[in-house]
Participant: 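One structure, pasted below without further comment.
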Protein chains: 2
Amino acid sequence: MKYNIIIVDDHKMFLDGLLSILSNEIDYNILLTAKNGEQIIKYLDINKEEKVDLIITDISMPEMDGITLNTLVKEHNRNIKTLVVSMHSDPDRIDTLIENNVDGYVPKNAEKQELLKAIKSILKGEKYFSKEIKDIYLENKLSNKRKEEIKLTKREIDVITLIALEHTTQEIADKLFLSKHTVESYRKNLMTKLNVRNIAGLTKYALKMNYIEH
Amino acid sequence: MKYNIIIVDDHKMFLDGLLSILSNEIDYNILLTAKNGEQIIKYLDINKEEKVDLIITDISMPEMDGITLNTLVKEHNRNIKTLVVSMHSDPDRIDTLIENNVDGYVPKNAEKQELLKAIKSILKGEKYFSKEIKDIYLENKLSNKRKEEIKLTKREIDVITLIALEHTTQEIADKLFLSKHTVESYRKNLMTKLNVRNIAGLTKYALKMNYIEH
DNA sequence: TATGAACTCCCTGTTTTCAGGGATGTATTT
DNA sequence: AAATACATCCCTGAAAACAGGGAGTTCATA
């Protein structure tokens, strides 16, 4: 019995690459490829009876990213394994994924052999994380003994995003249908929370967090 | 006689993918793969007599990026073609590449077929740019009719840097031993020159130009 | 049911930024 | 000799941001 695998990546060329790597492996049957998580969720929804063993996914994709996809899959289909293959190694994302029970994480600059090893381990029921990823995860956990309790609320993120996009308080208020006082409160809270002095600091944070494009 | 191709990409998995796509094409011989431009330049330097027809390269790589690589190759080996395959579609980079006579540009989310088409065209001596890339290039050219003559003076850079570091006008004046009026003039000129509305815009520019750390 | 978190709105007063001018001196280049 | 680029400084008035308060609502959860 072959293992059924789904691959999700918005870079078709990479997808093709993965496909040709995996198609040399007789144990693996590529059920489906897609360029975002939404398509997968729909597919799983419709084909409930189909056996899916593994979903290999990128993180940054349009419509639905790999993190959301992983969360949804793990919530509803506990028997489907997930392997993230990503270019970025952002501590927070790694953290979120691990907390959401992802089965593996391999950076895109890994060797083909490592990818195959990861897939094999995961299909056996083990977890597989590249050394690089484990290091980042641990380093993050150790250095951030509860320091990183900076969590912005949805509304705060709305506001800081618009600030970084060069909008004034009044404009933001209009856009979000809020009083300008409210927006001012958010700005103030943001500055306190993030320990910055002014809009320059807020803008840098928004960029760092990828709230706006670089 | 086969075409000799070199592939440069720091994402090994992507590299493997490209390799397996191209290895199905009997006309192509993959001479070498590398994960940054430096390795290629060294290789070309040592193997001057070797026929190299095409270099396929990513843009963002450690050590030496694809833009520098293209420039160097075009300066020294006019007969080597270059094809950029990149995830990003930044107008400025596209512009620089085209000015430096790159032979093609295909985004990483292109179909395998398009990549092969691009390679074939380029080897025939034509240029190949994906529609997406052409659009970005044109859009940029049309909107930026000579706009890109933005050159900041030393003093302007001093000021914008300190602004992005969250200093007020008065603080900057003190630091640079200037009157606060002077600093205000600089800030104003900066905003006009860079076509931004406020400190958020200035900060983003300073980050983009690497005046301050990311 | 009480607590807390998130969201919303308001006030006062000060400081800074923004928008729009203008001006002088010193180089360098044409 | 004139034009240009750069650096420096000044002014006014309006708009926005900053600082430091308070306070009501809803909603989930302990």
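First the proteins, then the strands, lettered A, B, ... as listed; each starts at 1.
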Participant: Given atom NZ of B:Lys154 and atom P of C:dT26, what is their separation to the nearest angstrom?
Facilitator: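 That distance rounds to 19 Å.
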Participant: Check whether any side-chain nitrogen or oxygen of A:Thr153 sits under 4.0 Å from OP1 or OP2 of C:dC7, and answer yes or no.
Facilitator: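 So the side-chain polar atoms of A:Thr153 do come within 4.0 Å of the phosphate oxygens OP1 or OP2 of C:dC7, strictly under.
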Participant: Rounding to an integer number of Å, can you tell me how far B:Leu190 CG sits from C:dA19 P?
Facilitator: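 In whole Å, C:dA19 P and B:Leu190 CG are 13 Å from each other.
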Participant: Mind calculating the distance between CZ (A:Arg197) and C1' (C:dT16) to the nearest angstrom?
Facilitator: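 To the nearest whole Å, that distance equals 11 Å.
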Participant: So, does the side chain of A:Ser185 form a donor-acceptor pair with the base of C:dC9 at under 3.5 Å?
Facilitator: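 By the distance-only test, yes, there is a pair.
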Participant: Would you check if A:Lys12 and B:Lys108 make a side-chain contact, meaning some heavy-atom pair closer than 4.5 Å?
Facilitator: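 The answer is no, as the side chains (C-beta and beyond) never meet within the 4.5 Å cut-off.
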Participant: We want to know whether B:Asp65 and B:Thr68 form a side-chain donor-acceptor pair, criterion being a heavy-atom distance below 3.5 angstrom.
Facilitator: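 Their side chains do contain a donor-acceptor pair, which is all the 3.5 Å distance test asks for.
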Participant: Could you state the CD1-C1' distance from B:Ile199 to C:dT15, rounded to the nearest angstrom?
Facilitator: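 So the two atoms are 12 Å apart, to the nearest Å.
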Participant: Under 4.0 Å between a side-chain N or O of A:Tyr186 and OP1 or OP2 of C:dC9?
Facilitator: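 Checking C:dC9 against A:Tyr186, no side-chain N or O comes under 4.0 Å of OP1 or OP2.
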Participant: Let me know the distance between NE2 of A:His181 and P of C:dC10, rounded to the nearest Å.
Facilitator: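 From A:His181 NE2 to C:dC10 P: 5 Å.
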Participant: Would B:Lys127 and B:Asp103 pass as an ion pair if we require N to O under 4.0 Å?
Facilitator: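 Here B:Lys127 pairs with B:Asp103 in a salt bridge, since their nearest N and O are under 4.0 Å apart.
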Participant: Can you tell me if the side-chain N/O atoms of B:Arg155 get under 4.0 Å from OP1 or OP2 in D:dC6?
Facilitator: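 Checking B:Arg155 against D:dC6: no side-chain N or O falls below 4.0 Å of OP1 or OP2.
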Participant: Return whichever of B:Lys180 or A:His167 has its heavy-atom-nearest nucleotide of DNA chain D closer to the 5' end.
Facilitator: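 Whichever sits nearer the 5' end wins; that is B:Lys180.
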Participant: Just say parallel, tilted or perpendicular for the rings of B:Phe14 and A:Phe14, cut-offs at 30° and 60°.
Facilitator: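 Rings of B:Phe14 and A:Phe14: parallel, as their planes differ by under 30°.
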Participant: Without decimals, in angstroms, what is the distance between A:Glu156 CD and C:dA6 C1'?
Facilitator: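 These atoms are roughly 9 Å apart.
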Participant: May I ask you to verify if any side-chain N or O of B:Ser179 is less than 4.0 angstrom from the OP1 or OP2 atom of D:dC10?
Facilitator: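 B:Ser179 to D:dC10 OP1/OP2: side-chain N or O found under 4.0 Å.
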Participant: What integer distance in Å separates A:Ile160:CD1 from D:dC18:C1'?
Facilitator: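 A:Ile160 atom CD1 is separated from D:dC18 atom C1' by 16 Å.
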Participant: Using whole Å, what does the distance between atom P of nucleotide D:dA7 and atom CG of B:Asp158 come to?
Facilitator: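 Taking atom P of D:dA7 as the reference, CG of B:Asp158 is at 9 Å.
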Participant: Classify the nucleic acid contact of A:Lys188 as base, sugar-phosphate or nothing, counting any heavy atom under 4.0 Å across all strands shown.
Facilitator: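 Base contact - A:Lys188 has a heavy atom under 4.0 Å of at least one base atom.
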Participant: Under 4.0 angstrom, heavy atoms only, what part of the nucleic acid is B:Glu184 near: base, sugar-phosphate, or nothing?
Facilitator: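 Result for B:Glu184 = base.
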Participant: Out of the candidates A:Leu83, A:Thr82, A:Val84, A:Val85, only one should pair with A:Tyr105 under the side chain to side chain contact (heavy atoms under 4.5 Å, CB included) rule; please name it.
Facilitator: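 It is A:Val84; the other options fail the test.
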Participant: Using a 4.0 Å heavy-atom cut-off, does A:Thr182 contact any base of the nucleic acid, only the sugar-phosphate backbone, or nothing at all?
Facilitator: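 Answer is base: heavy atoms of A:Thr182 come under 4.0 Å of a base.
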Participant: Side-chain N or O of A:Arg187 versus OP1/OP2 of D:dC18: is the shortest distance under 4.0 Å?
Facilitator: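 Looking at the OP1 and OP2 atoms of D:dC18, one of them is under 4.0 Å from a side-chain N or O of A:Arg187.
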Participant: Between A:Asn198 and A:Lys193, which residue's closest nucleotide on DNA chain C lies nearer the 5′ terminus?
Facilitator: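 Nearest-nucleotide comparison on DNA chain C picks A:Lys193.
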